[in-house]
Amino acid sequence: MRALVKTGAEPGLSLQDVADPVPGPNDVLIEVSKTAVCGTDLHIERWDEWAANTISPPMVVGHEFMGTVAGTGSEVSGFSSGQRVSAEGHITCGQCRNCRAGRRRFCANTVGIGVNQDGAFADLIVVPATNVFPVPDEIDDDIATILDPLGNATHTTLEYDLVGEDVLITGAGPIGMMSTAIARHVGARNIVVTDINPYRLAIASRLGADRAIDPRQTPLSEVMAELNMTEGFDVGLEMSGATAALHEMIGSMITGGKIALLGIPSTDQAPIDWNDIIFKGLTVKGIYGRKMFETWYKMTTMLQTGLDVSPVITHHYRVDEYQGAFESLKAGDCGKIIIDWRTDPDM
Ligand code: NAD
Ligand code: ZN
């Protein structure tokens, strides 16, 4: 089969023929239709410090995908050949303290598809049956391909009650864009989104932001005054990883406000003044991955009841054009980028 492989400890990926994976007794074999490129894949492609410390080449990369069931292990039931599926990319042990408590996203022994074992950028992938998620008919192939990052957005956005609340989303990357649509869908009042990229701010506006601003040009205080917000944001969703954005968020929250942190800061972090958290009585919560599988349930039911995140998908490439997909992601004027693996001509 074809696969995008990290062949050695150096930058780059290569499209190669590799052996087909063989499902174990509890696995499902999936024929991959479409994949999407994530920031994690870019770290691996570039071979930065995180990748060098985490990845063991040779390995097939990628974890955002959808496809159809092509086979099942001897112990697996409940799937049919050709059924449309995606999968949770965190494989968990089921035995540790957190797994047994129903907090599988905090599993002590998590194995990441396309990070710790062969991934989805291939014609075929093998996934434990417990991780496979059947895709409802109403959800098209493109959206089914991005359920993994939509799950990050869903998990973060549903962390706090947003009904009637004023919400600040810092970072209009794909996840911030999708969070905007979710916040609108569940009934937030004012939604203000910040980013430093005008292309991405425009998509956030399409997805329902009341204001989408570059905070270097338009101070948040100005936007809040325009929206008649007198006391600050009720809920903050940090989705940029930028220290400046987190500081702006803390400074713009209402006393007693709630912050969810998804964005992963780089190493050059400016310290937080904890007095700002304490005297404002802020709740700050870290968000990791997706709840298994409550997040998957919530996001698919929202998609079935009117949530539309389709403007987040901005680019499509065929497998042989994969370098273009990575170049588009590097350039930054993009939302989600889809790579099509299908070989049939009517694609
Ligand atoms: P992304 O890098 O595409 O988006 C981040 C956005 O933040 C970019 O559009 C960038 O222009 C913007 N930005 C930079 N500086 C800013 C500033 N000062 N103010 C406002 N915006 C600013 O990432 P993504 O794929 O949308 O993911 C969002 C974040 O979530 C990333 O940090 C990612 O690493 C992280 N993440 C965390 C988890 C988790 O489980 N915690 C999972 C997936 C992604
Ligand atoms: Zn576990």
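Counting starts at 1 for both ligands and their atoms, in listed order.
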Asks: With no hydrogens and no angle check, is any side-chain donor or acceptor of Asn131 less than 3.5 Å from a backbone partner on Glu88?
Replies: yes
Asks: Quick check for you: to the nearest 0.5 Å, what is the distance between Ile182 atom CD1 and Leu307 atom CG?
Replies: 6.0 Å
Asks: Please verify the inter-ring angle class for Phe106 with Tyr288; under 30° counts as parallel, over 60° as perpendicular, anything in between as tilted.
Replies: parallel
Asks: Check ligand 1 against Gly173 and write out every atom of the ligand that is under 4.0 Å from a heavy-atom position of the residue.
Replies: 3 (O), 4 (O), 6 (C), 9 (O), 26 (O)
Asks: How far is atom 19 (N) of ligand 1 from the closest protein heavy atom, and which atom is that?
Replies: Ala245 CB, 3.6 Å
Asks: Check the pair Asp142, His316 against side chain to side chain donor-acceptor pair (under 3.5 Å), reporting the backbone distance first and the verdict last.
Replies: CA-CA 10 Å; Asp142 276 4; His316 287 85; 2.7 Å; yes
Asks: Once rounded to 10 degrees, what value does the angle at the Zn ion (ligand 2) take between SG (Cys93) and SG (Cys99)?
Replies: 120°
Asks: May I ask you to list the atoms of ligand 1 that are less than 4.0 angstrom from any heavy atom of Asn152?
Replies: 42 (C), 43 (C)
Asks: Which atoms of ligand 1 are found less than 4.0 Å from any heavy atom of Gly171?
Replies: 7 (O), 20 (C), 21 (N)
Asks: Under 4.0 Å from any heavy atom of Thr194, which atoms of ligand 1 are there?
Replies: 20 (C), 21 (N)
Asks: Kindly confirm or rule out an N or O of Ile196 lying under 3.5 angstrom from an N or O of ligand 1.
Replies: no
Asks: Tell me: protein heavy atom nearest atom 32 (O) of ligand 1, and distance?
Replies: Ile264 N, 3.0 Å
Asks: Could Arg84 and Asp141 be called an ion pair, given the rule that one side-chain N must be under 4.0 Å from one carboxylate O?
Replies: yes
Asks: So is Asp195 polar-close to ligand 1, meaning N/O to N/O under 3.5 Å?
Replies: yes
Asks: Would you mind running through ligand 1 and noting each atom that sits below 4.0 Å from a heavy atom of Gly289?
Replies: 39 (C), 40 (O)
Asks: Quick one: pull up OG1 in Thr157 and CE in Met299 and give me the separation to the nearest 0.5 Å.
Replies: 12.0 Å
Asks: Considering only heavy atoms of Ala242, which atoms of ligand 1 have at least one such atom less than 4.0 Å away?
Replies: 15 (N), 16 (C), 17 (C), 18 (N)
Asks: For Tyr288, is at least one N or O under 3.5 Å away from an N or O on ligand 1?
Replies: no
Asks: Of the choices Leu262, Ile213, Val312, which has the non-hydrogen atom that lies closest to atom 38 (C) of ligand 1?
Replies: Leu262
Asks: Identify the closest protein heavy atom to atom 13 (N) of ligand 1: which residue and atom is it, and at what distance?
Replies: Ser240 CB, 3.9 Å
Asks: Should the proximity of Met239 to ligand 1, defined as any heavy atom under 4.0 Å, be assigned to the side chain, the backbone, both, or neither?
Replies: backbone
Asks: Please confirm whether the backbone N or O of Ile250 pairs with a side-chain atom of Lys280, one donor and one acceptor, at under 3.5 Å?
Replies: yes
Asks: May I ask you to decide whether Arg290 forms a salt bridge with Asp148, counting only side-chain N to carboxylate O separations under 4.0 Å?
Replies: yes
Asks: Can you tell me the angle formed at the Zn ion (ligand 2) by SG of Cys96 and SG of Cys107, to 10°?
Replies: 120°
Asks: Of the protein's non-hydrogen atoms, which lies at the shortest distance from atom 3 (O) of ligand 1, and what is that distance?
Replies: Arg200 NH1, 2.9 Å
Asks: Any nitrogen or oxygen of Ile175 lying under 3.5 Å from a nitrogen or oxygen in ligand 1? Just yes or no.
Replies: yes
Asks: Which of parallel (below 30°), tilted (30 to 60°) and perpendicular (above 60°) describes Phe326 and Tyr322?
Replies: perpendicular
Asks: Output yes when a side-chain donor or acceptor of His315 lies under 3.5 Å from a complementary backbone atom of Ala325, and no otherwise.
Replies: no
Asks: Going through the checks in order, is the side chain to side chain donor-acceptor pair (under 3.5 Å) test met by Tyr317 and Ser328?
Replies: CA-CA 10 Å; Tyr317 291 92; Ser328 294; 2.4 Å; yes
Asks: Looking at atom 40 (O) of ligand 1, would you say a protein heavy atom lies below 4.0 Å from it?
Replies: yes
Asks: For Ala244 and ligand 1, does the shortest N/O to N/O distance drop below 3.5 Å?
Replies: no
Asks: Would the distance check show the side chain of Glu238 and the main-chain N or O of Gly241 forming a donor-acceptor pair, the cut-off being under 3.5 Å?
Replies: yes
Asks: I'd like to check which ligand 1 atoms, numbered from 1 as shown, lie under 4.0 Å from a non-hydrogen atom of Gly263.
Replies: 29 (C), 30 (O), 32 (O), 35 (C)
Asks: Within less than 4.0 angstrom of ligand 1, does Pro174 place any heavy atom?
Replies: yes
Asks: Please check if the side chain of Asn98 supplies one atom and the backbone of Cys107 the other of a donor-acceptor pair under 3.5 Å.
Replies: no
